[in-house]
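What follows is a short report on a single structure.
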Amino acid sequence: MHAPTPPRPATKKSRKAFWLKQLHMWHWMSSAISLIGLLLFAVTGFTLNHAADIEAAPVVTEKAAQMPPALLARLKSATPAAEKAPLPADVAEWVEDSFPVKASGEAEWSADEVYLPAPRPGGDAWVAIDLVTGAVSSEVTSRGWVSYLNDLHKGRNSGGEWSLFIDVFAFACLIFAITGLVLLWLHSAKRMSTWPLVGMGLALPAAIAIIFIH
């Protein structure tokens, strides 16, 4: 009986193969995660850069309703000490059922009116509640799909969930870029144009910023 042969230490070549495999895996996974986001942000980067050339005709929709007396009394009794505070939950539910707005934000309270701003990507909205008569009016403005996508690009009035998506997307893009740079370095010996192209990608925007932006 012979003693088992101890495992041979990993060679430099095998370690390189292992890390090359890992880098390729991280690179394609991060690219898959960020693909749709990259397309969205690339297109909206162009539309934002040419926002003055892309005309948008706002569409304004107005609506009015009468708040039930019980809810009006509930609203009056909930008048806060501060000038800004959310609507009571039952009042907010009625507003959302009656108007195409989200009523979860802070409203502006005064002696005779509650004004609820409800900005949204690609448009704006508000609801005004008369505390004396219970008359409720709203106005919703839509500026079209281009404006909607542009606001998503900027994260404007798009909520916490979209903000979280942007953070995850940015991290995936960072992994995609870093692994791509390392893969470029590993293959650069066989691709002589690698570093001149990378350098051009850095030098061109730097030169434009230094020479033309003041």
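None of these values were measured; they are calculated from a predicted model.
Counting only residues at least two apart or on different chains, the side-chain hydrogen bond (donor to acceptor under 3.5 Å, both in side chains) pairs with a member in residues 19-42 are H27-T179.
When all heavy atoms of D124 and P119 are compared, the pair lying nearest together is OD1-CA, 3.4 Å. Nearest heavy atom pair, residue P88 against residue A78, reads CG-CB, 3.6 Å.
The shortest distance between side-chain heavy atoms of V114 and L87 falls below 4.5 Å. Counting heavy atoms from C-beta outward, V146 and E55 have side chains that stay 4.5 Å or more apart.
Listed by chain and number, the residues in a side-chain contact (heavy atoms from CB on, under 4.5 Å) with I208 are L204, F212 (sequence neighbours excluded). Every side-chain contact (heavy atoms from CB on, under 4.5 Å) that S110 has, sequence neighbours left out, goes to D112, E113. For N157, there are no side chain to side chain donor-acceptor pair (under 3.5 Å) partners, not counting sequence neighbours.
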Which donor-acceptor pairs under 3.5 Å do the side chains of residues 92-106 make with protein atoms, sequence neighbours left out?
| from | atom 1 | to | atom 2 | distance (Å) |
| --- | --- | --- | --- | --- |
| E96 | OE2 | A103 | N | 2.8 |
| S98 | OG | W94 | O | 2.9 |

Name each donor-acceptor pair under 3.5 Å that joins a side chain in residues 125-141 to protein atoms two or more places apart or in another chain, with its distance.
| from | atom 1 | to | atom 2 | distance (Å) |
| --- | --- | --- | --- | --- |
| D130 | OD1 | V132 | N | 2.8 |
| D130 | OD1 | T133 | N | 3.2 |
| T133 | OG1 | A135 | N | 3.2 |

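Interatomic distance, OG of S147 versus CZ of R156, reported as 7.0 Å (0.5 Å rounding). A distance of 8.0 Å separates OG1 of T47 from NE2 of H153, quoted to the nearest 0.5 Å. Note that CG of D90 and CZ of R74 are 5.0 Å apart. Values are rounded to the nearest 0.5 Å. Between the OG1 atom in T194 and the CG atom in L184 there is a gap of 5.5 Å [rounded to 0.5 Å]. Here CD1 of I178 is found 8.5 Å from CG of L181. Values are rounded to the nearest 0.5 Å. Separation of atoms CG (L23) and CD1 (I175) is listed at 10.5 Å; rounding is to 0.5 Å.
Under a hydrophobic-cluster definition in which Ile, Leu, Val, Met, Phe, Trp and Tyr are linked whenever side-chain heavy atoms come within less than 4.5 Å, directly or via other members, L186 and M25 are assigned to the same cluster. Taking hydrophobic clusters as Ile, Leu, Val, Met, Phe, Trp and Tyr residues chained together by side-chain heavy-atom distances below 4.5 Å, W162 shares a cluster with L38. The same ILVMFWY cluster, assembled from side-chain heavy atoms under 4.5 Å apart, contains both Y148 and I166.
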Practice problem: Kindly indicate, with the supporting measurements, whether the criterion side chain to side chain contact (heavy atoms under 4.5 Å, CB included) is fulfilled by L149 and V43. | Solution: CA-CA 9 Å; L149 294 175; V43 171; 5.9 Å; no
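Surrounding NZ of K76 are more than 12 heavy atoms belonging to other residues, nucleotides or ligands, all under 6.0 Å away. The neighbour count for F171 CZ, taken as heavy atoms of other residues, nucleotides or ligands under 6.0 Å away, does not exceed 12. Environment of CE in M29: sparse, with no more than 12 heavy atoms of neighbouring residues, nucleotides or ligands closer than 6.0 Å. More than 12 non-hydrogen atoms from other residues, nucleotides or ligands lie less than 6.0 angstrom from CH2 of W195.
A side-chain donor-acceptor contact under 3.5 Å links W109 to the backbone of A85. One N or O on the side chain of D151 and one on the backbone of G122 form a donor-acceptor pair closer than 3.5 Å.
Using a 30° and 60° split on the angle between ring planes, F165 and F169 fall in the parallel class, below 30°.
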